[in-house]
Amino acid sequence: MQRTLSIIKPDGVSRGLIGEVVGRFEKNGIHIAGMKMIRMTQAQAEGFYHVHRNKPFFNSLTRFMSSGPVVVMALEGENIIEKNRKLMGATDPKNAEPGTIRRDFASEIEKNVVHGSDSPESATFEIGYFFNRFEIVS
Ligand code: CDP
Ligand code: MG
């Protein structure tokens, strides 16, 4: 059993895609173990994306991620990190497979609707960034 952090980014929330994304998780039998809507400050987004602090897109990304509410979810299941990454599609929607969330709904690399952890280590950090243990129901 594995956990991963999913985020519906500010573009996904403002475009009314919460139900669409959550529906895809449910249709794929994914257990949502924790879920809430929050709004980050830019400093909080910088802490979340600290691995990208030296990237050229860091400032723009953290400004975007703090521009409005996001929905954070802890997903749980076998191989869930890879399963979620498959449902999301490639970072750049132009390279994402048809039928993935990013290909179906995003049109640019930054505002690409969803986030998903990329490893067990990042999943542990990312879930702990937003959830305490009473907010996760296995
Ligand atoms: O989200 P993912 O793990 O697929 O990609 P990442 O390489 O970890 O980058 C994190 C986020 O930064 C992406 O989802 C994009 O929102 C943004 N990004 C960007 O704006 N420009 C890039 N060239 C790469 C990523
Ligand atoms: Mg990433």
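Counting convention: from 1, in listed order, for ligands and their atoms alike. Starting from 1, each residue takes its place in the sequence as its number.
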Looking at E108, I'd like to know if its CD atom is crowded, meaning that more than 12 non-hydrogen atoms belonging to other residues, nucleotides or ligands lie closer than 6.0 Å. yes
Quick check on E97: does its CD atom have over 12 non-hydrogen neighbours (other residues, nucleotides or ligands) under 6.0 Å away? no
Specify the protein heavy atom at minimum distance from [atom]: its residue, its atom name, and the distance to 0.1 Å.
| atom | value |
| --- | --- |
| atom 11 (C) of ligand 1 | L61 CD2, 3.9 Å |
| atom 15 (C) of ligand 1 | I109 O, 3.3 Å |
| atom 16 (O) of ligand 1 | E110 O, 2.8 Å |
| atom 24 (C) of ligand 1 | F57 CE2, 3.4 Å |
| atom 4 (O) of ligand 1 | T91 OG1, 2.5 Å |

Looking only at distances, can you tell me whether any N or O atom of [X], backbone or side chain, sits closer than 3.5 Å to an N or O atom of ligand 1?
| X | answer |
| --- | --- |
| K111 | no |
| K9 | yes |
| R85 | yes |

Any idea which of H52, R102, H115 brings a heavy atom closest to atom 9 (O) of ligand 1? H52
Going by an N to O cut-off under 4.0 Å, is there a salt bridge joining D11 and K9? no
Identify, by atom number and element, the atoms of ligand 1 in contact range of N112, meaning under 4.0 Å from any of its heavy atoms. 13 (C), 14 (O), 15 (C), 16 (O)
Carefully, step by step, assess S60 and E110 under the rule side chain to side chain donor-acceptor pair (under 3.5 Å). CA-CA 8 Å; S60 178; E110 182 182 78; 2.5 Å; yes
Applying the 4.5 Å side-chain criterion to the ILVMFWY set and letting contacts propagate, would V113 and V13 be lumped into a single cluster? yes
May I have the step-by-step check of ring pair (Phe, Tyr, Trp, His ring centres under 6.0 Å) for H50 and F125, ending in yes or no? CA-CA 11 Å; H50 76 281; F125 166 75; 5.0 Å; yes
For the residue pair K36 and F131, would you count it as a cation-pi contact if the rule is NZ or CZ under 6.0 angstrom from the ring centre and within 45 degrees of the ring axis? yes
